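Below: one structure, written as structure tokens.
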Amino acid sequence: MKDLVKRLTEAYGPSGSEDKVREIIKAEVEKFADEIRVDSLGNLICRVAPKSPADGSDPKRIMVAAHMDEIGVLVSYIDDKGFLRFSPVGGLSPYVLLGQKVIFENGTVGVFGTEKLEDMKSLAFDKMFIDIGASSKDEAEKKVRVGDSAVILREFSDLGDRVTSKTMDNRISCAVVIEAIKSVRPERHEAYFVFTVQEELGLRGAKAAAYGINPDVGIAVDVTTWGDTPECAPFNVVLGKGVAIKAKDSSVIAHPKVKNLMIDVAEKKGILYQMEVLERGGTDAGAIHLTREGVPSGTISIPCRYVHTPCEMVDMRDVDAATRLLVGVVEELASSSGGGIL
Ligand code: CO
Ligand code: ZN
């Protein structure tokens with residue numbers, strides 16, 4: 001599992017350029033899905049068919065979503081001396097970019113620099129540039145064009161129970177969903193596991209995927225923040241205390257039946273869990289639940305420290321709990337014979 005997490009987190013995949021991540025995931029799940037397709041936005045959709053389809057009517061559809069994309073930067077201008085100005089892709093802080101390297105899809109590496117600043121408070125993206133080691137515009141343009149995206153260059157580190165790297169948001173959830181696809185056995189209804197694009201720009205991939213799948217119930221898997229480092233804001237979710245079941249964030253209020261099903265499955269299977277209310281931030285469930293006439297939806301969260309920095313940290317025991325909860329919830333939904341949510 002850690003090897004998979006390393007490969008997924010180190011892969012290049014800013015919003016809108018998720019191909020490399022999609023290829024890794026596709027190779028992992030190919031043998032286990034009954035049907036795999038990529039929609040026109042780039043979402044990877046893996047259908048797992050039921051063992052004994054619900055008789056009489058078409059099987060219902062359970063949609064699980066984890067986004068593949070990561071935050072990054074996009075080149076907006078190249079000056080005469082070969083320095084690159086950039087625009088952020090997703091919720092990035094200029095402060096976390098200081099001292100970092102970036103890598104482009106073609107392997108070009110650069111570092112961030114800043115203009116002379118009166119004080120640190122005046123740091124902003126428009127005071128920053130990327131230096132790829134070029135000494136002229138011509139030289140820079142041999143490697144990079146305006147419109148090219150780059151991501152932070154940062155390797156995975158194994159700290160024991162905990163692991164750190166860039167892009168735990170949300171490749172750790174991709175790993176959870178991959179593991180779920182390998183072991184889940186839906187009874188009567190179909191499960192659609194979707195690896196979505198462009199979540200960090202506003203849940204864009206999930207919106208299109210959910211319209212296409214037209215699910216009866218939706219579950220997003222994503223990271224959430226943390227409440228257990230020195231002097232941090234009070235928050236009910238901490239590392240190592242299990243998977244988080246979301247009640248609310250700024251994109252969705254969990255459907256009570258979905259939330260309660262998650263709690264029931266966790267209790268029944270003895271899975272360690274914590275309840276989550278996130279003041280700011282959203283997940284693909286925000287897009288899924290507003291699809292067509294509405295889709296009851298909820299979110300399974302993985303506690304993650306330092307979200308949206310190059311050194312996000314998760315606890316593998318929480319990751320394991322998340323995997324077991326996801327499999328349990330999908331199987332419970334898929335065995336439903338008309339009562340409950342389906
Ligand atoms: Co994010
Ligand atoms: Zn995320």
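Predicted, not measured: the structure shown is a model, and the values here were computed from it. Read the numbers this way: they start at 1 and go in the same order the structure lists the ligands and their atoms. Values below: every heavy atom of this structure, side chains too, minus hydrogens, waters and symmetry copies.
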Open item on the list: Taking the basic N atoms (NZ, or NE/NH1/NH2) and the acidic carboxylate oxygens, is any pair closer than 4.0 Å for Lys6 and Glu10?
Closed with: yes
Open item on the list: Of all the N, O or S atoms in Asp169, which has the shortest distance to the Zn ion (ligand 2)?
Closed with: OD1
TODO: For the Zn ion (ligand 2), find the closest N/O/S atom on Asp222 and give its atom name.
DONE: OD1
TODO: Indicate whether the side chain of Glu267 and that of Tyr273 have a donor and an acceptor atom separated by less than 3.5 Å.
DONE: yes
Task: Any Leu278 side-chain heavy atom under 4.5 Å of Lys246 side chain - done: yes
Task: Spatial distance of atom CG (Asp222) from atom CG (Asn170) [nearest 0.5 Å] - done: 3.5 Å
TODO: With rounding to the nearest 0.5 Å, note down the distance linking CD1 in Ile178 to OG in Ser183.
DONE: 12.5 Å
- [ ] Indicate whether any N or O donor in one side chain lies under 3.5 Å from an N or O acceptor in the other, for His189 and Asp216.
- [x] no
Task: Of the protein N/O/S atoms, how many lie under 2.8 Å from the Co ion (ligand 1) - done: 4
Task: Proximity of Phe86 and Phe112 rings by center, below 6.0 Å - done: yes
